[in-house]
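All remarks here apply to the structure that follows.
Note that the coordinates shown come from a computational prediction; the quantities given were computed from them, not determined experimentally. Heavy atoms only: backbone and side chains are in, while hydrogens, waters and symmetry mates are out. Note on naming: letters A, B, ... go to the chains in the order of the sequence lines (proteins, then strands), and numbering restarts at 1 for each one.
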Amino acid sequence: MPPAYDPGAVEEKWYGYWEENKFFHARVDPEKEPFCIVMPPPNVTGQLHMGHALDNTLQDILTRWRRMQGYNALWLPGTDHAGIATQAKVEEQLAKEGRSKYELGRDKFLERVWQWKEQYGGRITHQLRKLGSSCDWDRERFTMDRGCSQAVLEVFVRLYEKGLIYRDYYITNWCPKCHTTISDIEVEHLDKPGHFYFIKYPVKDSDEFLAIATTRPETMLGDVAVAVHPDDRRYAHLVGKTLILPVADREIPVIADEYVDPEFGTGAVKITPAHDPNDFEVGQRHSLPQLQVINRDAVMTEEAGRYRGLDRWECRRQLVKELDARGYLIKVDDHNHAVGHCYRCSTVIEPMLSKQWFVRMKPLAEPAIQAAKDGQVRFVPERFTKIYLNWMENIRDWCISRQLWWGHRIPVWYCADCGEVIVTKTPPDKCVKCGGTGLEQDPDVLDTWFSSGLWPFSTLGWPDKTVELAHYYPTSVLVTGRDIIFFWVARMIFSGLAFMDQVPFREVFIHGLVLDALGRKMSKSLGNGVDPIDVIESHGADSLRFMLVTGNTPGNDLRFHFERLDGARNFANKIWNASRFTIMNLSDFTPGPEPRGEVLTLADRWIRSRFQEVAEEVTRNLDRYELGEAARILYEFTWNEFCDWYIELAKPRLYGRDRDDRYTAQYILADTLRGTLELLHPFMPFITEDIWQRLPHRGQTVMKAPWPVPVEEYRDIPAEEQMDVLMEIIRAVRHIRSEMNVPPGKKADIVLLVIDNGTRSLVEKWVGYVETLTAGRVTIVPSLAEAPEQAAHAVTRAAEIYVPLKGLIDIDRESARLAKEVSVLDRDLAKIRGKLSNEGFLSKAPEDVVEKERAKEAELSGKKKAIEDRLKMLGR
RNA sequence: GGGUGCAUAGCUCAGGGGGAGAGCACUACCUUGACACGGUAGGGGUCGUAGGUUCAAAUCCUACUGCACCCA
């Protein structure tokens with residue numbers, strides 16, 4: 001084995017081995033308890049980013065862990081057709097050829113997109129493999145494959161038949177660049193510095209003016225009224241009067257509506273139903289006309305009169321100038337406000353009137369609210385329940401039609417002859433009403449999230465009644481980022497309830513975002529993204545995974561620091577070398593009978609006992625989704641206990657002449673290491689497999705090794721306490737050596753004064769530990785007639801330590817060191833004695849806490865006395 | 001405007017009612033036959049501020065300040 005771990009070769013080798021042997025494949029087995037995760041499908045033509053890396057690492061850890069625990073574990077992968085993003089990419093490609101999708105026509109264009117999908121669709125799944133994802137590739141799905149498309153048709157038709165899908169002329173968010181409507185949650189509100197324009201609207205046949213305030217003056221060309229609050233005394237006399245709209249010179253009414261906030265602006269609001277969602281609703285309440293002054297390219301329409309043909313921003317500039325020149329502009333204030341942007345292209349959204357398809361949300365949301373409230377679906381961390389509920393309870397109808405070509409085409413046909421609307425899964429050849437053949441399918445496609453909302457059951461075979469669906473639905477847990485709770489999680493929940501009568505997953509494990517080192521979101525425009533594939537190539541997939549999962553708590557964001565990545569790589573290397581040591585010393589080892597009883601050394605009993613606790617703690621933390629905590633426990637056990645102590649103490653036994661003792665050491669070493677690798681496997685699948693295969697083992701792969709379960713019989717509290725005693729002595733001696741600048745190579749004489757007989761026999765039995773780990777020669781005595789003057793001194797719970805250092809001791813320095821110890825002890829003692837003299841503490845604190853304080857007091861005061869005696873002896 | 005999270009060592013972050021933790025960085029020593037991607041020892045924090053609950057608060061509660069995010 002090479003002295004440093006080289007992930008490159010190892011990773012490819014083992015992933016191939018796993019995949020070829022179908023270890024990821026889950027067969028339905030009614031005898032075994034199912035565990036199922038459906039992968040949040042990444043964009044089929046996208047590439048892996050850190051968010052994916054985190055999300056899939058977490059899923060893989062859970063899946064590998066449950067699989068080892070014996071569950072029938074299925075992690076179902078797949079990709080998403082990502083309507084806008086994919087279509088935009090292909091359009092870009094066409095543009096480079098100097099062509100447009102219109103030139104090609106719909107069918108040819110779609111052929112191109114499918115070609116693109118074939119070409120790039122494998123990229124991200126290939127990258128997921130590099131990460132080590134143990135998903136069942138035999139069951140890989142795509143939101144536009146036949147099954148998923150069938151599910152989409154089924155759902156659309158059923159919802160339509162239930163009256164939950166309708167088509168309406170409505171105001172929606174229009175992206176002038178993507179040329180499609182987008183849903184409310186696809187709009188990103190960004191605070192932008194802007195202006196608040198105060199404009200006078202003259203009252204007809206009067207000298208009076210009504211002042212309004214707006215952030216979008218260009219929309220005034222489409223104003224059809226001005227609204228004030230019904231209780232607003234300032235304007236009560238104007239309600240019902242007519243205003244003359246400046247510039248346009250149209251007459252518009254003053255109306256009263258509760259929607260108006262009298263405190264905001266002037267308390268009078270211009271109403272533009274065609275270009276503002278709130279105004280739209282006001283307009284409906286008051287039966288106002290809808291005047292469209294901005295078109296789909298965000299250019300002013302004919303209705304804008306002189307301003308027609310101008311871009312919306314240019315129109316604003318010129319119009320404000322005119323208002324000012326003609327005396328209508330009162331003032332312009334600076335004003336920061338949230339402006340809606342397209343989440344895909346960041347263009348400012350234009351609220352636009354158009355005919356669209358909607359899902360009626362209220363009836364669907366109700367059971368979805370109930371499900372979260374009574375725990376059918378549980379969020380981890382819990383606080384996300386509130387965020388989910390808040391959104392669900394205030395939900396608005398969902399606009400599902402998109403003016404795109406790439407996606408699930410809406411299964412609706414219109415009869416040219418009689419106008420009949422036909423909603424059906426199979427394309428009709430004639431009108432069901434008039435028999436006419438002039439049928440035309442709705443040109444729009446469905447929102448991508450419409451199909452991904454069905455993902456947990458469409459991928460398991462729905463609408464067919466498959467065995468997979470019966471076995472794995474509801475799935476166990478959904479793992480996803482907190483940024484798509486609304487987009488996706490919510491939609492899966494109400495869809496699942498609507499079509500499966502059960503929640504799609506019992507738990508939702510939410511994680512944060514991966515930020516850059518400065519705490520900024522990683523984004524293409526900032527160029528601050530770190531490519532997981534680069535990281536895997538430089539540091540290995542295991543290091544990336546370990547780094548992503550540690551030092552982080554569920555739901556919180558995580559900053560990406562290369563230093564932490566180095567730390568994870570160093571840990572992998574530490575594992576590698578501990579294993580290298582073990583394997584090098586196992587050449588003549590074949591596992592035979594388990595060593596029992598007296599042949600076990602204290603260190604053997606200790607490490608084995610500690611391992612049981614670690615197995616228990618790791619499992620407990622995985623159970624509560626504290627993956628970072630589980631990883632931390634393994635890190636500390638491996639490094640600080642197994643490597644730093646157990647391996648060091650095993651060395652003399654491995655090199656010694658006692659064959660039985662060597663065998664015992666080999667046995668415990670191999671056993672503990674193998675167990676540790678098994679616990680580490682879900683986190684670091686590659687390195688653990690590579691080493692596990694080199695150790696004595698049973699089975700084809702660590703992936704299918706049984707998850708370590710704590711063995712009560714191996715728990716050994718006395719051994720742990722005794723090891724503590726010895727470790728404390730060893731640390732104290734090392735401390736002295738270091739303080740006194742004793743060269744590491746030099747053997748030092750050590751005198752241990754151990755008064756208690758039981759403790760003394762313990763220390764006598766395992767004195768070798770002290771000698772090995774301190775490079776010392778130890779003498780143990782029950783009493784000291786005369787303590788050596790030329791010696792450094794320390795006190796532990798069990799022993800007083802003297803390290804004679806003839807000629808090396810500076811009495812002044814040693815005294816000063818001891819005096820400092822005393823002052824530290826005094827400080828601690830004062831705190832403890834304060835507690836112990838507190839009546840309330842003694843009567844109200846639990847007994848074991850009081851007892852602990854008493855014991856501590858005794859220990860520290862004993863220690864203090866010993867040091868003071870020593871100081872006295874040194875003549876201070 | 002409403003909501004959520006965060007504030008702990010120089011940096012990044014765990015922890016969470018009874019002795020302040022880790023990694024990195026820092027200091028000193030060490031090329032010891034697993035590992036310098038290493039070892040040993042060490043320095044460093046009134047746990048954001050102010051109240052409250054409690055025998056006991058970094059931890060629970062309230063308010064405030066600052067930062068981040070979400071929603072309107």
Side-chain angles (χ1 to χ4, degrees), chain A residues 1-5 184-185 187-189 261 263-264 277-278 337-338 340 381 383-384 386-387 389-391 394 482-483 485-486 512-513 515 517 519-521 539-540 543 547 550-553 555-585 626 628-629 631-633 635-636 639-640 643-644 647-648 650-651 654-655 730-745 772-775 828 831-832 834-846 848-850 852-853 855-856 859-860:
Chain A
M1 281 173 85
Y5 174 55
D184 292 339
I185 50 171
V187 178
E188 268 179 1
H189 294 274
D261 175 4
E263 306 291 314
F264 194 71
N278 292 311
H337 60 135
R383 66 185 137 94
F384 288 104
K386 227 170 125 179
I387 293 177
L389 283 176
N390 188 34
W391 187 72
N394 296 296
R482 53 143 227 265
D483 50 332
I485 293 176
F486 305 142
L513 274 35
L515 308 174
R520 301 170 305 181
K521 246 168 129 162
H539 287 72
S543 301
M547 176 271 185
T550 47
N552 178 243
T553 207
N556 286 8
D557 291 347
L558 165 86
R559 290 195 198 193
F560 193 97
H561 283 275
F562 281 94
E563 292 85 346
R564 295 196 41 233
L565 193 62
D566 289 340
R569 191 228 13 227
N570 294 354
F571 180 50
N573 197 52
K574 190 72 180 176
I575 296 169
W576 179 258
N577 275 289
S579 308
R580 195 161 80 103
F581 169 81
T582 303
I583 290 159
M584 276 166 47
N585 286 290
E626 294 284 353
E629 191 63 6
R632 206 209 83 234
I633 289 163
Y635 179 96
E636 290 185 350
W639 204 310
N640 305 336
C643 291
D644 289 352
I647 285 187
E648 291 310 320
K651 282 178 181 173
L654 293 167
Y655 302 140
I730 290 162
R731 287 199 190 97
V733 174
R734 283 171 169 174
H735 181 62
I736 290 173
R737 291 186 61 123
S738 175
E739 288 275 301
M740 295 293 124
N741 294 322
V742 181
T772 303
L773 296 183
T774 64
D828 293 348
K831 226 191 280 177
I832 294 165
K835 279 187 190 176
L836 287 172
S837 60
N838 181 336
E839 210 27 68
F841 177 72
L842 294 175
S843 58
K844 293 191 179 172
D848 59 310
V849 173
V850 177
K852 219 169 125 193
E853 291 298 313
K856 212 187 309 171
E859 182 198 324
L860 296 188

Classify the nucleic acid contact of A:K386 as base, sugar-phosphate or nothing, counting any heavy atom under 4.0 Å across all strands shown.
sugar-phosphate
Quick check: any donor-acceptor pair below 3.5 Å linking the side-chain of A:K831 to the base of B:rA56?
no
At under 4.0 Å, does any side-chain N or O of A:N556 touch on OP1 or OP2 of B:rU4?
no
Under 4.0 Å from OP1 or OP2 of B:rG19: is there any side-chain N or O of A:K856 that close?
yes
Once you apply a heavy-atom cut-off of 4.0 Å, does A:E859 come out as touching a base, just sugar-phosphate, or nothing?
nothing
Need to verify one output field. Residue with the more 5' nearest nucleotide on RNA chain B, A:E626 or A:A572?
A:E626
A:W639 side chain N/O closer than 4.0 Å to the phosphate oxygens (OP1, OP2) of B:rA34?
no
Establish, with yes or no, whether the OP1 or OP2 oxygen of B:rA41 is under 4.0 angstrom from a side-chain nitrogen or oxygen of A:R734.
yes
Within the pair A:T550 and B:rA22, is there a side-chain N or O less than 4.0 Å away from OP1 or OP2?
no
A:R734 side chain reached by A:I730 side chain, heavy atoms, under 4.5 Å
yes
With a 3.5 Å distance limit and no angle check, can you tell me whether A:N556 reaches the backbone of A:G512 through a side-chain donor-acceptor pair?
no
Looking only at side-chain N and O atoms, does A:Y655 come under 4.0 Å of OP1 or OP2 in B:rA34?
yes
Pairwise P distance, B:rC24 and B:rU53 [rounded to whole Å]
43 Å
Provide the Watson-Crick or G-U wobble partner of B:rA34, both distances under 3.5 Å; none if there is no partner.
none
State whether A:H735 places a side-chain N or O below 4.0 Å from either non-bridging phosphate oxygen (OP1 or OP2) of B:rG42.
yes
May I ask you to evaluate whether A:N390 reaches the phosphate of B:rG2, defined as a side-chain N or O under 4.0 Å from OP1 or OP2?
no
Name the nucleic acid region contacted by A:R482, choosing base, sugar-phosphate or nothing; use a 4.0 angstrom heavy-atom cut-off, strictly under.
sugar-phosphate
Return no unless some side-chain N or O of A:R564 is found under 4.0 Å from OP1 or OP2 of B:rU12.
no
Quick one: do A:R632 and A:E629 make a salt bridge, cutoff under 4.0 Å?
yes
Presence of A:K521 side-chain N/O under 4.0 Å of B:rC69 phosphate oxygens OP1/OP2
no
Under 4.0 Å between any heavy atoms, over every strand shown, what does A:E853 touch: base, sugar-phosphate, or nothing? Just pick one.
sugar-phosphate
Across the strands shown, which category fits A:I647 at heavy-atom distances under 4.0 angstrom: base, sugar-phosphate, nothing?
base
